[in-house]
Number of protein chains: 2
Amino acid sequence: MATTEDGSFPGSEESFRSPAQAAVVGLFRMSDRARRTLAEALRPRDLTLQQFNVLRILRGAGDGGLPTLTIADRMVEQTPGVTRLLDRLQKQGWIERRRDPGDRRRVVACITLEGRQVLEAVDEPFARAEEDIFRDWAEEDVRALARLLHNGPP
Amino acid sequence: MATTEDGSFPGSEESFRSPAQAAVVGLFRMSDRARRTLAEALRPRDLTLQQFNVLRILRGAGDGGLPTLTIADRMVEQTPGVTRLLDRLQKQGWIERRRDPGDRRRVVACITLEGRQVLEAVDEPFARAEEDIFRDWAEEDVRALARLLHNGPP
DNA sequence: GCGGGATGGTTGACGCGTCATCGAATGTCG
DNA sequence: CGACATTCGATGACGCGTCAACCATCCCGC
């Protein structure tokens, strides 16, 4: 990539002080675009992106369910957010919660039948939205992006 | 990149159904990491990332200031968020707002001296944080990432 | 000049993310 | 056994993002 005379790095129109800055700006813009596209696919069912994530995690966990903190770990999120996320999912009837009899501090969440159903209903639109994000990209570039993003250390 | 036998795409540990899915997951994870790193650099001054963004935009706009919707355009955000963001900045004394006499629907926001000062105080820690995000990356990869992200159509 | 649409912005309501704080159950160590 | 620390999770408070509804101002055509 060429560097302009003043040492800045050209994007489409903007210019940046460093490759890192250019990457960060692009990262935020792109992930914002992705977030909106995916959210739109879930909206007809009144699911948010985070709710969808939790439901998928719980579906993957099977009938045993998962304690709150384990869910929080699998998302990158802090606990309080997860507690309230689960509150809302429970209010919708998509999950159930019960105390773990073996360790009564734990609250185990478990997806319900209704939860599975709403999940099934959005699974395919969601997958389509995922592909749609990169509709105008060369497949080779999507692979390159994924490879780059999964390289860096934790 | 190799493809596994079942057609999935390996990341470090996970596997994905498609390059798009791998890219999206990586995108979210990476941009989340970046967000936290940058936010941490602003925290000592009690600035949030969005507040910092608006202040930088206003500093760039000079003494004339900018109307609310113009600010909203430069961020990717909806108007209502910006209105309340400006409320908070004003409460901190970092911006001033006045009605445009030429078009009294418009509210023009303008950075104050205090705003400039807090911005100066975080400018350099912020830039360091930006570089820090890619501390463990090869510079070539950072450039490649930036190039990919600034390629795709709007 | 005036009536109706367009434009600029605010407000209400709700979900999410995060910090700090807290209560309850468990574990540990004397 | 009993005090203390630790772990799991909930709650309060605040900032952000978004939708829907609203008010004020401007603009345009008649």
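All chains are named by letter (A, B, ...) in the order of the sequence lines, taking the proteins before the strands, and each is independently numbered beginning at 1. These numbers were taken from a predicted model, which means no experiment stands behind them.
- Per the geometry, CG belonging to B/Leu55 stands 15 Å off C1' belonging to D/dG15, to the nearest Å.
- For the pair B/Leu69 CG and C/dT7 C1', the computed distance is 8 Å after rounding to whole Å.
- When rounded to the nearest whole Å, the span between CG of A/Leu66 and P of D/dG9 equals 10 Å.
- Nucleic acid contact class of B/Thr68 (heavy atoms, under 4.0 Å, all strands): sugar-phosphate only.
- Regarding A/Asp46, its CG atom lies at a distance of 11 Å from the P atom of D/dA20, rounded to whole Å.
- Distances shorter than 4.0 Å separate some side-chain N or O of A/Arg35 from OP1 or OP2 on D/dT18.
- By the 4.5 Å heavy-atom criterion applied to side chains, A/Asp100 and A/Val107 are not counted as neighbours.
- Using modelled atom types and a 3.5 Å distance limit, the side chains of A/Ser18 and B/Glu131 yield a donor-acceptor pair.
- Here B/Arg99 pairs with nothing under the salt bridge (charged side-chain N to carboxylate O under 4.0 Å, His left out) rule; sequence neighbours left out.
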Handout entry: Working for salt bridge (charged side-chain N to carboxylate O under 4.0 Å, His left out), residues A/Arg143 and A/Glu139
Key = CA-CA 6 Å; A/Arg143 287 171 188 272; A/Glu139 166 150 348; 2.6 Å; yes

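- Rounding to whole angstrom units, CG of residue B/Leu86 and P of D/dG17 are separated by 12 Å.
- Distance B/Ile71 CD1 to C/dG9 C1': 12 Å, rounded to the nearest Å.
- Between B/Leu145 and A/Leu149 there is a side-chain heavy-atom pair separated by less than 4.5 Å.
- Looking at heavy-atom distances under 4.0 Å, B/Thr83 makes contact with a base.
- Atom CG in B/Asp87 sits about 14 Å away from atom C1' in D/dC14, given to the nearest Å.
- For A/Arg84, no side-chain nitrogen or oxygen approaches OP1 or OP2 of D/dG9 to under 4.0 Å.
- At least one side-chain heavy atom of B/Phe126 sits less than 4.5 Å from a side-chain heavy atom of B/Leu38.
- Straight-line distance from the CZ atom of A/Arg45 to the C1' atom of C/dG15: 20 Å, rounded to whole Å.
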Name every donor-acceptor pair, under 3.5 Å, that has one atom in a side chain of residues 73-88 of chain A and the other anywhere in the protein, sequence neighbours excluded.
| from | atom 1 | to | atom 2 | distance (Å) |
| --- | --- | --- | --- | --- |
| A/Asp87 | OD1 | A/Arg97 | NH2 | 2.3 |

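- Across all strands shown, B/Leu49 has no heavy atoms under 4.0 Å from either base or sugar-phosphate atoms.
- Between B/Pro80 and A/Arg97, the residue whose closest nucleotide on DNA chain D is further toward the 5' end is A/Arg97.
- Here B/Thr48 does not reach the OP1 or OP2 of D/dG15: none of its side-chain N or O atoms lies under 4.0 Å away.
- With the nearest nucleotide of DNA chain C identified for both A/Gln78 and A/Arg88, A/Arg88 has the one nearer the 5' end.
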Practice task
Starting from the C-alpha separation in whole Å, work towards a yes-or-no answer on salt bridge (charged side-chain N to carboxylate O under 4.0 Å, His left out) for B/Asp132 and B/Arg33.
Solution key: CA-CA 11 Å; B/Asp132 202 44; B/Arg33 232 171 57 85; over 6 Å; no

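- Of the side-chain N and O atoms in A/Gln50, none sit less than 4.0 angstrom from OP1 or OP2 of C/dG15.
- Residue B/Arg36 places at least one side-chain N or O closer than 4.0 Å to OP1 or OP2 of C/dT18.
- The stretch residues 98-128 of chain B comes close to DNA chain D through B/Asp103, B/Arg104, B/Arg105, each having a heavy atom under 4.0 Å from the strand.
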